[in-house]
Amino acid sequence: MKKEKLQKRKVTLKNTWPLHLMLFPGILILFVYTVLPFAGNIMAFQDFQPILGFFKSKWVGLDNFIYMFQLPDTFQIFRNTLIIAVGKIVLNLVMSIIFAILLYEAAGKRFKKSVQTICFLPHFLSWIIVTGIVQDVLSMEHGIINQVLQALHIVDAPINWFAQPKYFWWIVGFSNVWKETGWNAIIYLASITSINPDLYEAASIDGAGRFRKMWNITLPSLKPTIFILLLINVGNVLNAGFEVQYLLGNGVVQSVSQTIDIYVLKYGISQGDYALGTAAGIFKSVVSIILILLANSAAKAAGEERLF
């Protein structure tokens, strides 16, 4: 018996090297694009000069972080990043759940598949295309939104949506919803299909309608999935994105469109202050890690699903 186990173990060890060899390209790519660039974070603690490089640039400790918080627009940038990111997470969560439930309840396989395909497609579009569509839809000259509002006599003249700061966060939020709702709903659809059908049959026998089934069976069954996705997204609270704000923003709405990622571009690349840009990126990463740890601890204390 021991000889057989030993023989099986030897065969297993002997045959695993091709599998490890297949992993090597992925590990190499991860090392080159993730591990090596991580060394560049040292710039945040230096008065970094590209000509001098890492080893000869002056070490300044936390001066870049202190200077970052002393800039006049720092609070505004963090406020914009937080509001846009939280709005994006909440809107995507709510709309994805609603869409998944409605799609599951819809009758007809062909209709479901058609709607699924149409709603998944925007996810594969680049933000360049999406923002172009948004600008056309909200255009003052031929935008369908202004035309509908005028036809219904809600407004007398076309609204310049991109020249009024109060609209910008909503435009960014619903642009994300239109692009990602169909894709995000895939996970919720998978969770809904795994619910025991006997629960719905028992609810029908008790006289529950379709809405009552959704409220008392579907939503509670989605609770573990919702908690896990929320925990994952908590780490993205300061990751409001870059493309949509940069492409839709302009000088008029700059007070509400500037985010940390644009801040990094502005100071790190445009003005050549790589140390300050790196400091902003490190600050965002540290806050994200802390938020994930706190959210995971809170979920553990509440007895809910958690990441680790």
Side-chain angles (χ1 to χ4, degrees), residues 26-89 126-128 131 165 168-169 172 176 232-297 307:
I27 295 172
L28 182 63
I29 291 172
L30 186 67
F31 180 78
V32 171
Y33 290 101
T34 304
V35 178
L36 286 182
F38 189 79
N41 286 331
I42 196 174
M43 287 188 292
F45 306 95
Q46 296 177 319
D47 181 14
F48 181 74
Q49 303 296 328
I51 298 176
L52 299 177
F54 293 118
F55 300 105
K56 293 185 179 180
S57 294
K58 182 181 177 182
W59 187 267
V60 296
L62 299 176
D63 287 358
N64 289 314
F65 294 90
I66 296 170
Y67 177 68
M68 177 179 68
F69 286 105
Q70 289 175 344
L71 291 172
D73 54 350
T74 299
F75 171 76
Q76 201 174 70
I77 288 170
F78 284 117
R79 180 205 63 183
N80 296 341
T81 303
L82 187 63
I83 291 175
I84 291 173
V86 171
K88 183 171 68 173
I89 291 171
S126 103
W127 271 114
I128 300 291
T131 52
F168 186 79
W169 290 338
V172 172
N176 275 283
I232 294 172
N233 287 325
V234 161
N236 292 322
V237 164
L238 290 184
N239 188 20
F242 166 79
E243 299 98 332
V244 61
Q245 291 91 326
Y246 184 75
L247 294 169
L248 293 179
N250 53 64
V252 180
V253 296
Q254 187 173 356
S255 61
V256 294
S257 66
Q258 298 292 298
T259 60
I260 293 177
D261 295 312
I262 297 176
Y263 180 96
V264 172
L265 173 68
K266 178 181 176 182
Y267 288 99
I269 298 177
S270 300
Q271 297 184 13
D273 194 342
Y274 302 106
L276 189 60
T278 306
I282 289 176
F283 173 77
K284 185 176 75 169
S285 300
V286 170
V287 171
S288 298
I289 292 170
I290 292 172
L291 287 174
I292 289 175
L293 293 174
L294 290 175
N296 193 74
S297 300
L307 293 175

| query | Checking side-chain contact (heavy atoms from CB on, under 4.5 Å) for the pair Val286/Ile282: CA distance, chi angles, key distance, verdict? | reply | CA-CA 6 Å; Val286 170; Ile282 289 176; 4.1 Å; yes
| remark: Between Leu247 and Ile128, the two heavy atoms sitting closest are CD1-CD1, 3.7 Å
| Should the heavy atoms of other residues, nucleotides or ligands under 6.0 Å from CZ of Phe242 be counted, would the total exceed 12? | yes
| Spatial distance of atom CZ (Phe78) from atom NZ (Lys284) [nearest 0.5 Å] | 10.0 Å
| query | Hey, does the side chain of Asn41 reach the backbone of Phe38 with a donor-acceptor pair shorter than 3.5 angstrom? | reply | yes
| request: Mind listing the closest non-hydrogen atom pair of Pro37 and Phe31 along with its distance? | output: CD-O, 4.4 Å
| note | Heavy-atom closest pair (Val60 atom, Asp63 atom, distance to 0.1 Å) is O-CG, 3.1 Å
| query | Which heavy atom in Thr81 sits nearest to a heavy atom in Ile260, and how many Å separate them? | reply | OG1-N, 3.0 Å
| query | Nearest 0.5 Å, what's the CG-CG distance between Leu291 and Asn296? | reply | 12.5 Å
| request: Could you check Met68 against Tyr263 for side-chain contact (heavy atoms from CB on, under 4.5 Å), going step by step and ending with a plain yes or no? | output: CA-CA 10 Å; Met68 177 179 68; Tyr263 180 96; 3.1 Å; yes
| request: Hey, can you tell me if Phe283 and Phe69 have their rings parallel, tilted or perpendicular (30° and 60° cut-offs)? | output: perpendicular
| query | Between the side chain of Asn80 and the main-chain N/O of Ile83, is any donor-acceptor distance below 3.5 Å? | reply | no
| Separation of Gln258 CD from Tyr246 OH (nearest 0.5 Å) | 10.0 Å
| message | Quick check for you: to the nearest 0.5 Å, what is the distance between Trp59 atom CH2 and Gln46 atom CD? | response | 6.0 Å
| message | How close do Val264 and Ala280 get, counting heavy atoms only, and between which atoms? | response | CG2-CB, 3.9 Å
| field | Minimum heavy-atom distance Leu276-Asn64, with the two atoms named | value | CD1-O, 3.5 Å
| query | Could you go step by step and tell me if Ile262 and Gln245 meet the side-chain contact (heavy atoms from CB on, under 4.5 Å) rule? | reply | CA-CA 8 Å; Ile262 297 176; Gln245 291 91 326; 3.8 Å; yes
| Do side-chain atoms of Ser57 reach the backbone of Gln49 as a donor and acceptor pair under 3.5 angstrom? | yes
| How many angstroms lie between CD in Gln76 and CG in Leu71, if you round to the nearest 0.5 Å? | 12.0 Å
| said: Just verifying a value: how many Å separate Ser257 OG and Ile77 CD1, rounded to the nearest 0.5 Å? | reply: 9.5 Å
| Are the side chains of Leu265 and Asp261 in touch, meaning some heavy atoms are under 4.5 Å apart? | no
| query | Taking it one step at a time, do Thr74 and Tyr67 satisfy side-chain contact (heavy atoms from CB on, under 4.5 Å)? | reply | CA-CA 10 Å; Thr74 299; Tyr67 177 68; over 6 Å; no
